[in-house]
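So the structure is just underneath, and the comments pick up after that.
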Amino acid sequence: MSQIEINDVSVVFKDHAQAIKAVSNVSLSIEKAEVFGIVGLSGAGKSTLVRTINGLQKPTSGHVIVDGVNITQASKKRLAQARQKMGFIFQNFNLVANRTIAQNIAFALTAGGYPKEKQADRINELLGLVGLADRLDNYPGQLSGGQKQRVGIARALANDPDILLCDEATSALDTETAEEIVEILKDINERLHITIVFITHQLEVAKRLFDRVAVMEDGKVVEQTTAYDLFADPQSAMSQRLVGRFLDTEVPDEVRFKLRKTPGQLLSLRYRGEDSLDPIITKIATETGVDVNILQGRIEYIQSRAIGVLAVFVTGEDSAVQQAITQFKAQVDYVRAVTL
Amino acid sequence: MSETIQILQQNLGQALWETAEMVLISGIIGVVLGTLFGIFLYYFSNPLFSYKPWVNATVGFIVNAIRSFPFLILMVVLIPLARVLAGDPYTPMGGTVSLSIAAIPFYARLAEGSFTDVDQGVVEAACATGASFGLIFRQVLFPEALPSLIRGFVLTLISLLGYSAMVGTIGAGGVGNLAIQFGYNRYETGVLIVVIVILVVIVQVVQWLGDKLASHFTRA
């Protein structure tokens, strides 16, 4: 049995006249110690779904089982116990503004029944873990966004959780700070083997952190795959949209304008592995008699595996160009004809 | 003029003491019980705790019903209750009864608002730790709402100060009574002016202290 089992969960919000289905018949299994991502545009139901895992949101139908405990039907006491083993990290940090950093963490410790006299040591240890040992007596208002999120992580880790739920934990931070937070979480996952469920619309995070990923659209999970395959070979329209925006080749308008005057076709190519596409390009060019110009090329690494991204312009006789495109489609993982 | 001074010398001290007694006792009763009702209203209206609209609506109805009484009417209606609780309704303690009954629902609504204004995300984070409501109240809701609760307390005290003048007119004493009895009925304009000046000063000082205290507890 998986550590987290989401079984046919739906959440419906009734708003006066209409009912909005925020989450629609979602089933997911999340394994121990993996980093499981849920991506999608805002409003896709990601945040609502993750809240069903620790019972902050009650499903309208379906149920969630965490470590064998049915969260959806758990008694108040059982639910509180389960929550102590699930840390939650928020987009807006959600620290108590009128209490010090130490008091904020002490709150979580007290909630978990941690002995009062040992709390000071534990707070030091937790703040050391996130690199904020000297900010004990500061108030959240005195910290930067990244530091607040570190406190958020320390609070979430207070009771040695088995699971960390992260709701857009890096979305309110600048790129550099977001990367730091991702590194901390990655480190926590690797060293403490804590399962992480991470919700985001930022594919940058998905690329750096996720093992597996589910893609959500309009409350439904439209695709479930490994992080690598999401980028290398997105199946659903939503994944293609998300990944497309992230991995696509961006040809400057000036170049597009020039190319428009030349007969031919611009292609966006993606392929697995580090090998160069040169031999394939040369072969196709020779066989079909077209010219292939490489406009752009780069390699992205996802889970230490490479994905090559290329933009090529194919010129020549119409029929030859069509033939070349067919050959590219047969030999390259992903080919998209770009209209200029 | 000398008569004015004489009246003030004889009566002002006691009148001030009676007003202080009425306002402070009913203010404290209002804050304590009002906070309890406020937290009750909040608890049953927040989906994170126990979303029961009918509980909130029922208690809310009672609160609104008491608040819709003009204070003068409430005071008269409560004379029998004041007799039971304080013995003689026409004393400062008797006046305190109706002032307290007015203050409780007044402060209950203010307190409910103060708790509702606490960032729902922060409350959600507190719930996510598995903490009990008692712990969340003590370490999250209360400290976050405290500045706003203090401002509400100041508002309540100032309203009570006004109402206390009214209970004064039916014989409960206080500076209001002094102003009416001597200043108005006996055409002692001097007494009236002195009382008004004192009230203005009290209100200013209470407001100033309240603001100081509220900002002292704000760390954001």
Side-chain angles (χ1 to χ4, degrees), chain A residues 13 47 50-51 53-58 74 76-101 103-114 137-143 151-152 155-159 161 163-165 167-168 172, chain B residues 35 39 42-57 111 114-153 210-220:
Chain A
F13 292 119
S47 291
V50 79
R51 277 164 175 72
I53 299 177
N54 71 347
L56 283 178
Q57 176 67 54
K58 240 187 167 15
K76 240 181 180 169
K77 198 176 152 212
R78 202 74 199 77
L79 182 62
Q81 284 170 349
R83 281 175 177 173
Q84 284 157 17
K85 288 291 163 195
M86 284 186 265
F88 204 116
I89 303 171
F90 297 84
Q91 177 173 9
N92 298 317
F93 329 124
N94 292 347
L95 303 175
V96 182
N98 290 334
R99 308 265 292 168
T100 64
I101 303 312
Q103 287 173 325
N104 265 279
I105 297 171
F107 169 78
L109 289 171
T110 309
Y114 205 89
D137 296 319
N138 282 145
Y139 286 91
Q142 297 167 300
L143 303 185
V151 178
R155 175 176 65 181
L157 291 176
N159 295 312
I163 298 166
L164 266 189
L165 306 172
D167 183 16
E168 298 276 8
Chain B
T35 304
I39 201 75
Y42 173 78
Y43 184 86
F44 286 108
S45 64
N46 194 330
L48 283 172
F49 300 114
S50 181
Y51 181 61
K52 294 203 172 62
W54 62 270
V55 175
N56 185 285
S114 300
F115 293 125
T116 308
D117 282 347
V118 174
D119 187 340
Q120 181 75 352
V122 174
V123 182
E124 202 178 26
C127 288
T129 63
S132 66
F133 182 73
L135 185 66
I136 295 174
F137 177 74
R138 275 179 283 127
Q139 298 203 2
V140 178
L141 284 171
F142 189 72
E144 291 293 86
L146 187 57
S148 167
L149 288 171
I150 291 170
R151 290 197 183 90
F153 183 45
D211 287 344
K212 275 270 170 225
L213 209 57
S215 61
H216 173 75
F217 286 110
T218 308
R219 306 300 172 101

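Protein chains get the first letters and strands the later ones, always in sequence-line order, with residue 1 at the start of each. In this text the structure is predicted, and so the values were computed from the model without any measurement.
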Residue selection (most heavy-atom pairs with chain B, distance under 4.5 Å) from [options]:
options	answer
A80(A), G112(A), A106(A), G87(A)	A80(A)
M86(A), Q91(A), R99(A), Q84(A)	R99(A)
F93(A), F88(A), F90(A)	F90(A)

What residue, out of Q120(B), E144(B), R138(B), has the most heavy-atom pairs lying under 4.5 Å from chain A?
E144(B)

Does any backbone or side-chain atom of F107(A) lie under 4.5 Å from a heavy atom of chain B? Answer side chain, backbone, both or neither.
both

Applying a strict 4.5 Å limit to non-hydrogen atoms, the region of K76(A) in contact with chain B is side chain

Is it the side chain or the backbone of [X] that comes within 4.5 Å of chain A heavy atoms, both, or neither?
X	value
I136(B)	both
P47(B)	neither
L48(B)	side chain

Given V122(B), which of L95(A), N92(A), V96(A) fulfils the side-chain contact (heavy atoms from CB on, under 4.5 Å) condition?
V96(A)

Smallest heavy-atom separation, A125(B) atom then R155(A) atom, equals CB-NH2, 3.4 Å

Between Q103(A) and Q139(B), the two heavy atoms sitting closest are O-OE1, 4.4 Å

Just how far is it from atom CD of E124(B) to atom CG of D167(A), taken to the nearest 0.5 Å?
8.0 Å

I'd like to check L146(B) versus N98(A) (side-chain heavy atoms, cut-off strictly below 4.5 Å). Are they in contact?
no

I'd like to know whether OH of Y51(B) has more than 12 heavy-atom contacts from other residues, nucleotides or ligands below 6.0 angstrom.
no

Decide if atom CZ of F137(B) counts as having more than 12 heavy atoms of other residues, nucleotides or ligands within a radius under 6.0 Å.
yes

By ring-ring contact (aromatic ring centres under 6.0 Å, His included) - contacts of Y114(A) (at least two apart)
none

Donor-acceptor pair, side chain of N94(A) and main chain of G121(B), under 3.5 angstrom:
yes

